[in-house]
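These notes concern the structure reproduced below.
So that the names make sense, note that chain A is the first sequence line, chain B the second, and so on, each numbered from 1. Side-chain atoms are counted along with the backbone in the values below, which use heavy atoms only and exclude waters and symmetry mates.
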Number of protein chains: 2
Amino acid sequence: MVARKEPVSRRERPAKPALSRRVIVETAVALMRSEGLEKVTMRRLAQELDTGAASLYVYVANTAELHAAVLDALLGEVDLAGADAGDDWREQLRAVVTSYTLVLFAHPQLARSALVARPSGENYLRLVDRVLDLLSRSGASRAQVAWGVDKVLQDATATAAEHSAQDRDPAAADDWNAAVAALRAAGEDTHPAIAAHMPELVGGSAQERLRWGFDVIVNGITHTPVSGPPAD
Amino acid sequence: MVARKEPVSRRERPAKPALSRRVIVETAVALMRSEGLEKVTMRRLAQELDTGAASLYVYVANTAELHAAVLDALLGEVDLAGADAGDDWREQLRAVVTSYTLVLFAHPQLARSALVARPSGENYLRLVDRVLDLLSRSGASRAQVAWGVDKVLQDATATAAEHSAQDRDPAAADDWNAAVAALRAAGEDTHPAIAAHMPELVGGSAQERLRWGFDVIVNGITHTPVSGPPAD
DNA sequence: ACCTGAACACCGTTCAAGT
DNA sequence: ACCTGAACACCGTTCAAGT
């Protein structure tokens with residue numbers, strides 16, 4: 001008598017989870033936290049789920065969409081309240097944008113993919129809605145606020161993407177060092193303006209630059225009408 | 001008698017060029033112009049040069065460095081003069097930044113890699129020097145100018161990177177459409193601020209947004225002192 | 001409808017061996 | 001010193017075949 005499929009292994013492992021978009025994205029997030037976004041590939045993720053890569057394509061269109069879903073899942077961690085920032089819209093906005101930036105700082109690779117592929121997930125929409133709301137309290141015109149939200153988020157995202165330098169990423173650190181070295185090496189004769197701005201050009205902590213960058217964007221938005229005539 | 005290596009094919013092809021960093025980068029630029037940056041891989045480039053991928057590693061450390069070299073080569077096309085922009089530093093700066101943006105618009109994939117890996121090539125340094133020079137004529141403090149140059153170039157680069165949507169890139173176009181659709185679909189009840197800013201949120205031509213974005217950054221830089229006390 | 005193995009068409013990088 | 005073939009360790013995506 002030929003043995004049927006052995007039910008023996010049923011309790012040996014935590015039971016192969018039924019595939020679904022949700023468990024795929026959740027597993028992808030876990031994989032990214034433990035090994036970094038570069039390991040979140042269709043093949044590796046399938047391995048983690050005990051199946052073949054082809055199976056994932058039922059729930060996810062391609063790798064880019066998968067990474068976008070991971071990003072949106074992470075954006076769930078952004079603190080939209082801006083609770084302890086008082087009543088000032090500007091300080092509340094600063095709190096929200098800082099929270100967004102910190103989430104991306106923890107995963108600079110995701111920030112990069114956010115720059116490349118426009119996010120459109122639910123958590124991102126919530127963030128956009130909140131930033132619009134706070135920005136509109138500045139009194140700037142509707143057009144300024146509408147166009148401004150992109151600038152605010154773009155600046156935060158780009159800053160986070162650049163800041164991959166520190167955390168162990170050797171290639172990014174090399175880039176940064178190479179850039180700083182190149183600026184320092186620039187001679188007074190060939191690059192006079194670089195030499196003239198030299199201490200400040202590579203100075204300032206990440207925090208100081210971050211704070212200043214936020215103020216630059218917000219001041220710029222509120223001071224720059226969208227059409228020729230002054231705002232409102 | 002065994003035939004020696006046949007010299008017959010000597011004139012059949014344009015003579016295998018001697019390998020060097022210069023011919024590698026030049027070939028890479030040509031390959032990118034004809035087939036896009038995604039085809040500029042070590043293996044494909046080696047094939048183009050009639051050799052093996054391993055040979056390239058004598059002159060180029062890795063793929064990222066290769067792409068950085070391609071970017072810097074392209075930055076040679078940026079018009080730093082800002083010739084027909086008159087005497088106003090702001091209009092001259094606008095001309096230079098617009099030229100930079102246009103170069104990247106033609107190759108959005110390169111803009112993406114510029115966001116990810118800090119450029120430090122010779123042409124990039126020239127651009128930084130020029131932008132510093134023009135920005136310093138605004139009368140803003142040295143620190144504002146030094147920190148501002150990053151913001152100006154970061155904004156232009158990020159804008160170009162996003163704008164890959166149009167040109168044939170189907171994935172990018174899908175992203176953009178998905179993002180616009182998501183914004184339009186956002187209900188008044190769940191995302192009131194999005195609904196309230198709706199026509200403007202997805203409106204405006206690339207040119208209008210580009211121009212406004214430049215003014216936002218420049219106005220922000222000149223209006224935002226670096227430390228607590230007012231600039232200068 | 002969902003899942004799978006196998007295949008196709010690629011990658012980057014290293015290294016021993018040659019010239 | 002430079003160049004090479006071959007190898008190692010991967011990729012994304014599709015598709016015919018199964019359940």
Side-chain angles (χ1 to χ4, degrees), chain A residues 2-7 9 13 15-25 27-28 31-32 34-70 109 112-113 116-117 169-172 174-175, chain B residues 4-7 9 13 15-25 27-28 31-32 34-70 109 112-113 116-117 169-172 174-175:
Chain A
V2 175
R4 306 290 197 101
K5 253 188 192 161
E6 305 243 355
S9 64
R13 281 204 276 171
K16 192 169 158 178
L19 236 40
S20 71
R21 193 171 217 272
R22 237 193 78 217
V23 322
I24 288 174
V25 173
T27 309
L31 183 55
M32 181 227 227
S34 61
E35 313 210 17
L37 188 66
E38 73 271 18
K39 293 296 171 64
V40 183
T41 65
M42 296 303 249
R43 289 180 109 112
R44 180 61 205 280
L45 181 56
Q47 189 183 308
E48 215 74 16
L49 287 162
D50 213 357
T51 181
S55 305
L56 306 181
Y57 284 85
V58 178
Y59 305 97
V60 168
N62 51 49
T63 306
E65 199 203 284
L66 174 66
H67 286 184
V70 169
Q109 297 157 309
R112 292 165 182 195
S113 72
V116 164
D169 186 340
D174 287 354
D175 275 349
Chain B
R4 306 291 198 101
K5 254 186 191 162
E6 305 243 353
S9 65
R13 282 204 278 171
K16 190 169 159 177
L19 236 39
S20 72
R21 192 168 219 273
R22 236 193 79 219
V23 321
I24 287 174
V25 173
T27 309
L31 183 55
M32 180 227 227
S34 61
E35 313 209 18
L37 187 65
E38 71 272 18
K39 294 297 170 66
V40 183
T41 65
M42 296 304 250
R43 290 180 109 111
R44 179 62 205 280
L45 182 57
Q47 189 183 310
E48 216 74 15
L49 287 162
D50 214 355
T51 181
S55 304
L56 305 182
Y57 283 85
V58 177
Y59 305 98
V60 168
N62 50 49
T63 306
E65 198 203 283
L66 174 65
H67 286 183
V70 169
Q109 298 157 309
R112 293 165 181 196
S113 73
V116 164
D169 186 340
D174 286 355
D175 275 349

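For the pairing with B:V40, the side chain to side chain contact (heavy atoms under 4.5 Å, CB included) check across B:H67, B:E48, B:E35, B:Q109 returns one residue only, B:H67.
Annotation: of the two residues near DNA chain C, B:N62 and A:S55, the 5′-most nearest-nucleotide partner is A:S55.
Backbone-only engagement by B:T63 is indicated by non-hydrogen atom pairs under 4.0 Å involving sugar-phosphate atoms exclusively.
Regarding A:D50, its CG atom lies at a distance of 15 Å from the C1' atom of C:dG5, rounded to whole Å. Atom-to-atom, CE of A:M42 to P of C:dC11 comes out at 20 Å; the value is rounded to the nearest Å. Rounded to whole Å, atom C1' of C:dA9 lies 12 Å from atom CD of B:Q47. A straight line from CG of A:L19 to P of D:dT19 spans 19 Å, rounded to a whole angstrom. The CG-P distance, from B:L49 to D:dC2, rounds to 16 Å in whole Å. Taking atom CD on B:E65 and atom P on C:dT13, their separation rounds to 11 Å, with Å as the unit. Atom OH of B:Y59 is separated from atom P of D:dT4 by 10 Å (rounded to the nearest Å). Straight-line distance from the CD atom of A:E38 to the C1' atom of D:dC11: 14 Å, rounded to whole Å.
To the nearest 0.5 angstrom, A:L66 atom CG is 10.0 Å from A:M32 atom CE. For the atom pair CG of A:L31 and CD1 of A:I24, the computed distance is 13.0 Å after rounding to the nearest 0.5 Å. Annotation: the span from B:Y59 atom OH to B:E65 atom CD amounts to 14.0 Å, rounded to 0.5 Å. Within the model, atoms OG1 of A:T27 and CG of A:L19 stand 8.5 Å from one another, a figure rounded to the nearest 0.5 Å.
Pair assignment for C:dA17 gives none, since no Watson-Crick or G-U wobble pairing has each distance under 3.5 Å. In this structure, C:dC3 forms no base pair with any nucleotide, since neither Watson-Crick nor G-U wobble geometry is met with both distances under 3.5 Å. Pair assignment for C:dC11: none, as no Watson-Crick or G-U wobble contacts are both less than 3.5 Å.
Between D:dT13, D:dT4, C:dC3, one nucleotide has an atom nearer to the side chain of A:Y57 than all others, and that is D:dT13. Closest contact between the side chain of B:A54 and the listed nucleotides D:dC2, C:dT4, C:dC15 involves C:dC15. Taking every side-chain heavy atom of B:R44 into account, C:dC11 is the closest of D:dT4, C:dC11, C:dC3. Residue A:R43 has its side chain nearest to D:dT13 when only D:dT13, C:dT13, D:dC3 are considered. You'll find that the side chain of B:T41 is closest to C:dC11, out of D:dT14, D:dT13, C:dC11.
For D:dC11 and C:dA6, the C1' atoms lie 16 Å apart once the distance is rounded to whole Å. C:dA9 and D:dC10: their P atoms are spaced 23 Å apart (whole Å).
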